[in-house]
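Scroll down for the structure; my scribbles are underneath it.
We count ligands from 1, going down the list as the structure has it; atoms in each ligand are counted the same way.
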Amino acid sequence: MKFVDAHVHLSDEEYSACIDEIVAEARRSEVVALVSNSMDLKTSLGTLELAEKHPDLVYAALGIHPWAVQDLPDGELEKMLELIRKQKQNKSLVAIGEIGLDFKYMQIWKEQLEVFDAMLHLAEDLDLPVIIHSRGTTEQIIDMLPSYSVKKVLLHWFSNPISALSKAVAKGYYVSEGAPTVYSNGIRDVVRKVPLTNLLTETDGPVRFFKDPFKGKRTTPFFIPQIVSAMAEIKNMKVVDVADQILKNFKQFFDLTMEP
Ligand SMILES: [Zn+2]
């Protein structure tokens, strides 16, 4: 079987001491592609390095995360826009991400909107998909996006409100789900309701999960086969069929022609 991780932060500091091990473990777990998402300039440079080192496995998503807006140094937005534009011909660059809006950071709401707007315009210009963080802002983001000509949208860790799911699917958006598929009733409900053709798998590593069977474990792409098994059980399908469809979705979403 072949598995994919559409949303992981491989250039996160937490992984820096063990990144070779994480990459080797992903290969052993039959994970054939990882999209490493960035938070800011430093993690974007780290992501590009990893994609260059492992071109058959690691793909790059570059962007400014809404949490990073808080301490964004002067001129970093401009530097990021320049860096990403320069990568236009880089085959490893497959998306703009992780970008979005987070309601928990209302004190910097105006700044979040500015950065998100700049990132969406960049995605339009470079004709790239976007990977979106939408904590508490899913409906607002779904309403905002039609004013941009961004073609492909991935709502990562889509959780609520469940009523927004049909709206997202009607617009052709994708959702990605990770470890909570195994233990969270809310996420299991999302997986049940989303058409399999709009679903992707993720780990969002190195984020930690505090429920079994992931409690106390370092998050790695090694979790993906367990997540796909849970999806297959929810969808009442064979694991191999779910894995194959998700691989197909992944290639289609990121416009990749990977080896069969
Ligand atoms: Zn993330």
Side-chain angles (χ1 to χ4, degrees), residues 3-16 19 22-23 26 31 33-48 50-51 58-72 80 84 92-105 108 112 115-116 119-120 123 128-138 141 150 152-160 168 173-182 184 186-187 190-191 199-211 214 217-224 227 246 250 253-254:
F3 301 103
V4 290
D5 188 343
H7 187 92
V8 60
H9 297 267
L10 290 181
S11 60
D12 191 283
E13 255 175 31
E14 230 187 291
Y15 283 150
S16 60
I19 189 64
I22 302 272
V23 167
V31 174
L34 303 153
V35 177
S36 179
N37 284 239
S38 311
M39 303 288 284
D40 52 15
L41 185 60
K42 188 175 172 230
T43 49
S44 290
L45 292 169
T47 287
L48 285 170
L50 287 167
V58 178
Y59 297 88
L62 305 179
I64 301 177
H65 193 286
W67 299 350
V69 171
Q70 175 108 307
D71 303 305
L72 206 65
M80 277 293 290
I84 301 171
S92 294
L93 176 62
V94 295
I96 299 298
E98 175 175 0
I99 61 171
L101 298 171
D102 192 315
F103 87 107
K104 281 212 169 175
Y105 292 74
I108 48 155
Q112 281 196 60
V115 169
F116 189 40
M119 291 290 129
L120 289 171
L128 284 171
V130 289
I131 301 174
I132 291 186
H133 169 105
S134 61
R135 181 163 57 171
T137 55
T138 306
I141 288 176
V150 173
K152 291 177 187 163
V153 174
L154 172 60
L155 297 167
H156 112 81
W157 203 334
F158 180 102
S159 57
N160 59 63
Y173 300 168
Y174 286 59
V175 303
S176 53
E177 300 296 351
T181 308
V182 177
S184 154
I187 296 299
V190 173
V191 171
L199 183 63
L200 288 169
T201 38
E202 67 166 43
T203 54
D204 204 16
V207 73
R208 299 260 168 179
F209 301 96
F210 298 98
K211 296 262 174 76
F214 307 103
K217 290 183 187 161
R218 183 177 68 195
T219 302
T220 79
F222 178 66
F223 290 1
I224 295 281
I227 296 162
I246 287 175
F250 183 92
F253 186 81
F254 294 112

Report task. Run the ring-centre check on F223 versus F214 and record whether the distance is less than 6.0 Å. Result -> yes
Problem - Salt bridge flag under 4.0 Å for residues R218 and E14 - result: no
Here the Zn ion (ligand 1) sees protein N, O or S atoms within less than 2.8 Å, and their number is 4
From the list L154, I132, I141, V153, side-chain contact (heavy atoms from CB on, under 4.5 Å) with Y173 holds only for V153
Exercise for the section: Give a yes or no answer on whether the side chain of S36 reaches the backbone of L10 with a donor-acceptor pair at less than 3.5 Å. Expected result: yes
Would you tabulate the side-chain donor-acceptor contacts of residues 61-71 under 3.5 Å, counting partners in other chains and residues two or more places apart, or write 'none'?
residue: H65; atom: ND1; partner: W67; partner atom: N; Å: 3.0
residue: H65; atom: NE2; partner: E98; partner atom: OE2; Å: 3.1
residue: W67; atom: NE1; partner: D102; partner atom: OD2; Å: 2.8
residue: Q70; atom: OE1; partner: Q107; partner atom: NE2; Å: 3.3

| said: Under a 3.5 Å cutoff, is there a donor and acceptor pairing between the side chains of H9 and N37? | reply: no
